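These notes concern the structure reproduced below.
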Amino acid sequence: MRRSHLLATAAGLALACSPLAAHAQFAPAGSGGSPTAAVPGPGNANEPTESGPKEQSYFAGPSPYAPQAPGVNAANLPDIESIDPSEVPAMAPQQSANPAPGDWVAYGRDDHQTRYSPLSEITPENAGNLKVAFTYHTGSYPRPGQTNKWAAETTPIKVGDGLYMCSAMNDIMKLDPVTGKQIWRRNVDVKYHSIPYTAACKGVTYFTSSVVPEGQPCHNRLIEGTLDMRLIAVDAATGEFCPNFGHGGQVNLMQGLGESVPGFVSMTVPPPVVDGVVVVNHEVLDGQRRWAPSGVIRGYDAESGKFVWAWDVNNPTDHSQPTGNRHYSRGTPNSWAALTGDSALGLVYVPTGNSAADYYSALRSDAENKVSSAVVAIDVKTGEEKWVFQTAHKDVWDYDIGSQATLMDMPGPDGQPVPALIMPTKRGQTFVLDRRTGKPVLPVVERPAPSPGVIPGDPRTPTQPWSVGMPALRVPDLKETDMWGMSPIDQLFCRIKFRRANYVGEFTPPSVDKPWIEYPGYNGGSDWGSMSYDEKSGILIANWNITPMYDQLVTRKKADKLGLMPIDDPNFKPGGGGAEGNGAMDGTPYGIVVTPFWDQYTGMMCNRPPYGMITAIDMKHGQKVLWQHPLGTARANGPWGLPTGLPWEIGTPNNGGSVVTGGGLVFIAAATDNQIRAIDEHTGKVVWSAVLPGGGQANPMTYEANGHQYVAIMAGGHHFMMTPVSDQLVVYALPDAVK
Amino acid sequence: MPNINGTKTLTEWLTLLLGVVILLVGLIFVIMGADLAMLGGSVYYVICGIVLVASGVFMVMGRTLGAFLYLGALAYTWVWSLWEVGVSPIDLLPRAFGPTILGILVVLTIPVLRRLESRRTLRGAV
């Protein structure tokens, strides 16, 4: 009797304490013991009232007019000369315009960036038999003593006999698509200190020259932008640098950007080639200083690497390269998403981000306010802006667009197809625009938004745009009863956290007196994984997040006390700031503290699950949701970061996109459960899943080689999503192919 | 044969421990729940917390009333949870799962508490 009592008690206690509740793993950037990770809370954003011993705010940073120090990023490459747009040679037909059925030629497979492949060997019926065909190690992962800033995010491309990819640190490889054997590798020697927020290389661009004859080196070439701001071209057959491109195959993209330090500006996406012009955008590290390097968009000749035009927001009529000690206008909105080219219209669609210092807008110019967090169509012949569609007005929520636009045809009012583009956003509002004019194809309405806000001199706009013709990829505004936890105590903790913050729904204005809740958060809605679109069935596949953030502005003195400094401050320590997390926002009156809206003691999100979803939308029949369900199981997540091992499809945060195939399948990893899965496109049923060696935070792709279909995913992991890092590309196929 | 010499058995110690746990949970509910109520949030926690504190105190005193107070608080918790979120397992999990596990343990302690009470009565009679 006594013994059974004891057992019952022990078992009961164990159950009560067991991590039954799964959660989302989510950590602030730079959480390597950073003392500044916590939001200071009500009334604490403006201490100390007296100055601290060290007035770090008076470190003004080098003058933006200072010449760039030698050796910064790519700065020891000589400058590149400019040519007139009329001198750009006519472009040869590109394979990406009409890929062979078994190929995957561009980041999103084709020029429309549909992420649709017609391959149909793998079907919902046989997907359960998929096996690993081969894995390939890129060799890029954090070495001892290096902070983990890795998230390879790579999508290989497959053209003819080659599978081409880059490592997280930009080395370029050609692999045999059947065996995974490395055919050549071009090391490009990117240094650790050049890693910005993340060591990522989403892919390389395949370009066929019209100048170099077939059979000569660099007739077919791969173009890549690097973390240290080089534009590189190598021969697709051998991996040798193209001698006639830039200086020995390389162009210095730091030219004209002015003062900077390594890791401040970087390229992580494959640049598209439109009408012979490679269009280059770059990421500028968020939250550092108001007068960060420019977010300029530039065009270079894909044959010679010479400069063709620039689109510089605050110099709208000057499309030339700055000379002398001039530089592109600083602090302008940067664009880090993959661009989409449109050779038919001669346009490139640029999803923009925010001006530097994301959470304070009073110092932005009218020109910046017009084009931030927007889609901007730029004429690739001149660098002129053709049209702008803004997805968030005067953004102070880090709603920069991470997704790539997908091109498609929508039925117009007169039955004629309208050339359209689909622009997913972090807000979960998906805009469908006419790509000739930027006008909405599906209705967009301006709805009242909280204004003017609370920060003196920085009013919010009275309205914000809502895409009412598309299903919103979000849940309703949060309520106290949405708070969650393992037990009533952590739920109570989150309820208090909720009540202590300012929150009036989406677009709650930033505040300094107490924290504010930002939902949708900066991880989306839709992030860089973008969407996949099956033109035949009209089904659009979208994966998205439900990850609110908990933010607070802090006064300059408080920011100094918290040790927030811009990356170019001599006292800057990695971990004390960085994109996506806390930032000094030097040059504005405030710093910013950002954390996930979570219980910082258990590491669990404060809101109820799901934290990640996948949705299929029927674009041909009134944009109805065909199916929608949580994405990602609790197997690798739990309180205190402990894996629960539970197969419960709770819906985890996800990063990375999907592929949709002619076989009627959707392939997607993305979730933090480190699995890849095949989902029936029409029913949403998961028909296959496999555990990856690392986090699958990358867009998968599929191709055919030797008569069989393969599915490839870079299981590189993601430091911010706290998934395991690996350097492995994993490729699956049916047993017939895997002999 | 009843244990009348006053030394406590393991189950009795565990019962007291459970009383202490409930008392602590009750105190957390009262303190944090008051904070929440003053911020305009739910008053459930502060009310439930007061009952839990009383329950814990009585259990530590070896009184069966403590267990019944806990079961009362548990019933209130279920009614409140269902009122707040309905029959939604994912939302009932943080609200009612842990308290129900504790409730099972509390039910198991009722015979122990009865024994403690009768012993006190016996001793009082001697």
Side-chain angles (χ1 to χ4, degrees), chain A residues 1-23 41-42 479-503 514 599 602 604-611 630 634 639 644 646 648-651, chain B residues 3 9-15 17-18 21 24-42 44-46 48-49 52 73-74 77 80-81 83-86 88-109 111-112 115:
Chain A
M1 167 76 189
R2 192 173 292 168
R3 188 184 192 91
S4 65
H5 241 264
L6 177 67
L7 278 175
T9 311
L13 273 174
L15 248 182
C17 303
S18 76
L20 253 162
H23 89 122
K479 307 180 297 296
E480 186 196 316
T481 52
D482 291 326
M483 299 305 107
W484 209 63
M486 287 177 291
S487 72
I489 294 174
D490 43 342
Q491 194 199 23
L492 174 52
F493 178 83
C494 284
R495 283 177 183 251
I496 292 172
K497 216 169 155 167
F498 177 82
R499 288 282 176 182
R500 276 196 182 145
N502 285 317
Y503 184 60
K514 47 177 158 164
D599 177 343
T602 62
M604 288 173 57
M605 292 297 291
C606 266
N607 56 309
R608 65 193 291 277
Y611 306 113
T644 64
L646 295 177
W648 173 26
E649 197 89 27
I650 183 177
Chain B
N3 173 1
T9 63
L10 184 58
T11 47
E12 288 162 3
W13 281 114
L14 287 174
T15 300
L17 179 66
L18 187 60
V21 167
L24 289 176
V25 171
L27 287 173
I28 292 170
F29 267 42
V30 169
I31 294 163
M32 288 171 67
D35 196 353
L36 179 64
M38 282 189 288
L39 288 164
S42 170
Y44 155 80
Y45 296 90
V46 69
C48 189
L52 288 179
L74 182 60
T77 298
W80 166 78
S81 300
W83 167 77
E84 203 178 55
V85 294
S88 166
I90 208 168
D91 293 300
L92 290 173
L93 181 70
R95 290 168 174 82
F97 178 75
T100 304
I101 295 289
L102 273 184
I104 293 167
L105 298 182
V106 167
V107 168
L108 293 175
T109 66
V112 188
R115 203 159 68 216

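Predicted model, so just to flag it, every value in this text is computed and none were measured.
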key: Spacing of Glu84(B) atom CD and Lys479(A) atom NZ [to the nearest 0.5 Å]   =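 Here the rounded value is 9.5 Å.
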key: Value rounded to 0.5 Å, distance of CG in Leu93(B) from CD in Gln491(A)   =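 These two atoms lie 9.5 Å from each other.
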request  = Before giving the answer on salt bridge (charged side-chain N to carboxylate O under 4.0 Å, His left out), spell out for Arg499(A) and Asp35(B) the whole-Å C-alpha distance, their side-chain angles and the decisive distance to 0.1 Å.
outcome  = CA-CA 10 Å; Arg499(A) 288 282 176 182; Asp35(B) 196 353; over 6 Å; no
Heavy-atom distances under 4.5 Å only: say whether [X] touches chain A with side chain, backbone, both or neither.
X: Tyr44(B); result: neither
X: Leu36(B); result: both
X: Ser42(B); result: both

[X] versus [Y]: any side-chain heavy-atom pair under 4.5 Å?
X: Arg608(A); Y: Ser88(B); answer: yes
X: Arg495(A); Y: Leu39(B); answer: no
X: Trp648(A); Y: Ile90(B); answer: yes

query = Which atoms of Thr481(A) come close to chain B, meaning under 4.5 Å heavy atom to heavy atom: side chain ones, backbone ones, both, or neither?
reply =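 Both backbone and side chain.
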Structural part of Phe493(A) lying under 4.5 Å from a heavy atom of chain B =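 Both backbone and side chain of Phe493(A) come within 4.5 Å of chain B.
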ask   = Closest heavy-atom contact between Pro488(A) and Phe29(B)?
value =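 In terms of heavy atoms, the two residues are closest at CB-CZ, 3.5 Å.
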